[in-house]
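Each remark here refers to the structure printed beneath this line.
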Amino acid sequence: MGTKGCLPSVVTYTSLIHGLCLSNDLDEAIGLFEEMKEKGIVANLYTYSSLMDGLCKGGRCSQAMELLEIMTTEHLQPNTVTYSSLINGLCKEQRLSEAVELLDRMKLRGFKHAGLYGKIITGFCVAQKFQEAANFLDEMVFGRISPNRLTWGLHVRINNTVVRGLCETDPNRSFQLYLSMRTRGISVEAETFDFLIDSFCKKGDLHKAARIVEEMVLDGCIPNETTWSTVLRGFWDRKKVREAAELIQVELVKKSIESH
DNA sequence: TTAGGGTTAG
């Protein structure tokens, strides 16, 4: 290009760096990044975002974070694209506190992004930290951050995962989230119902378990045999309930004989 | 001019 009097610009370098990142030639990409600096060509937001995304995808988040510091010293403001790459990478490496920190920075600048909340919440679920995951779901509700047509499916899955995860450690909060899902129109998966019912049976809160079975059926989910037997066993273990059930049965038999 | 990610039935 040079011999033809057509010198590479920042766009030329950015395109090349992007391409090298796509083929995971990260060291070469960094090499070009250095080279353009030496030539006095100033990297812009696109250049940084490309290289940082490549580094994150290649499991080199720390280097990407260094670039974040460098770009701010050059008075370049990261935007949603930049943060998105970083948060994705940090979550993949289970560096959740750093991911949360970046999300906070985005919030300060007014970026609301349901997809990135999703990444972080999924990260907490993978780490079995369901309370934290639920906190972020609450935050989404309070902040009116709702998923769009494309992220909706992911959001449904995340809510279900968190409810199931909470069943183990905090059934009451799990139930609270379950209720909030219903009011927000987020469909509860059959397996999630099973988790809730099982957890309340174990806790001995049979009324709640029965209520959930009822709502499950109303939603058109047919409880499977395991769920039925879990609930029945729960009731059965209580002697008084059994006696009452037997009385009702006697009544029913009497009535059916009378009506015939 | 150059950067990411997110859905799904047919």
Evaluate the side-chain proximity of A:F193 to A:Y178: yes if any heavy-atom separation is below 4.5 Å, no if none is. yes

Rounded to whole Å, how long is the line connecting atom CZ of A:F33 with atom P of B:dA3? 16 Å

What is the distance, rounded to the nearest whole Å, between atom CG of A:N88 and atom C1' of B:dA3? 13 Å

Nearest whole angstrom, please: distance from the C1' of B:dT2 to the CG of A:L51. 13 Å

Whole Å only: how far is the CG atom of A:L103 from the C1' atom of B:dG5? 15 Å

Separation of A:Y13 atom OH from B:dT2 atom P, in whole Å? 19 Å

Let's go through A:F124 and A:F130 carefully: what are the C-alpha distance in whole Å and the side-chain angles of both, what is the deciding distance for ring-ring contact (aromatic ring centres under 6.0 Å, His included) to 0.1 Å, and is it a yes or a no? CA-CA 6 Å; A:F124 278 117; A:F130 295 105; over 10 Å; no

Given B:dA3, B:dG6, B:dG4, identify the nucleotide with an atom nearest to the side chain of A:L45. B:dA3

Go through B:dG6, B:dG4, B:dA3 for me and flag the one nearest to the A:T80 side chain. B:dG4

Nearest to the side chain of A:S50 - B:dA3, B:dT2, B:dG6? B:dA3

Of the nucleotides B:dA3, B:dT1, B:dG6, which has the atom closest to the A:Y46 side chain? B:dA3

Separation of atom CH2 in A:W152 from atom P in B:dG6, rounded to whole Å: 18 Å

Donor-acceptor contact present, side-chain A:N160 to main-chain A:V156, <3.5 Å: yes

Interatomic distance where CG belongs to A:L154 and P belongs to B:dT7 [whole Å]: 6 Å

Backbone N or O of A:P78 within a donor-acceptor pair of the A:R109 side chain at under 3.5 Å? yes

Gap between atoms CD1 and P, on A:I158 and B:dG6 respectively (whole Å): 11 Å

At 4.0 Å (heavy atoms only), tell me whether A:N44 reaches a base, stays on the sugar-phosphate, or touches nothing. base

Looking across every strand, which nucleic acid part, if any, lies under 4.0 Å from A:S84 by heavy atom: base, sugar-phosphate, or nothing? base

Under 4.0 Å between any heavy atoms, over every strand shown, what does A:H113 touch: base, sugar-phosphate, or nothing? Just pick one. base

Is the distance from OP1 or OP2 of B:dG6 to the nearest side-chain N or O of A:K119 less than 4.0 Å? yes

A:D219 side chain vs A:C221 backbone, donor-acceptor pair below 3.5 Å: no

N or O in side chain of A:H18 less than 4.0 angstrom from B:dT2 OP1/OP2: no

Does B:dA3 have OP1 or OP2 under 4.0 Å away from a side-chain N or O of A:K57? no

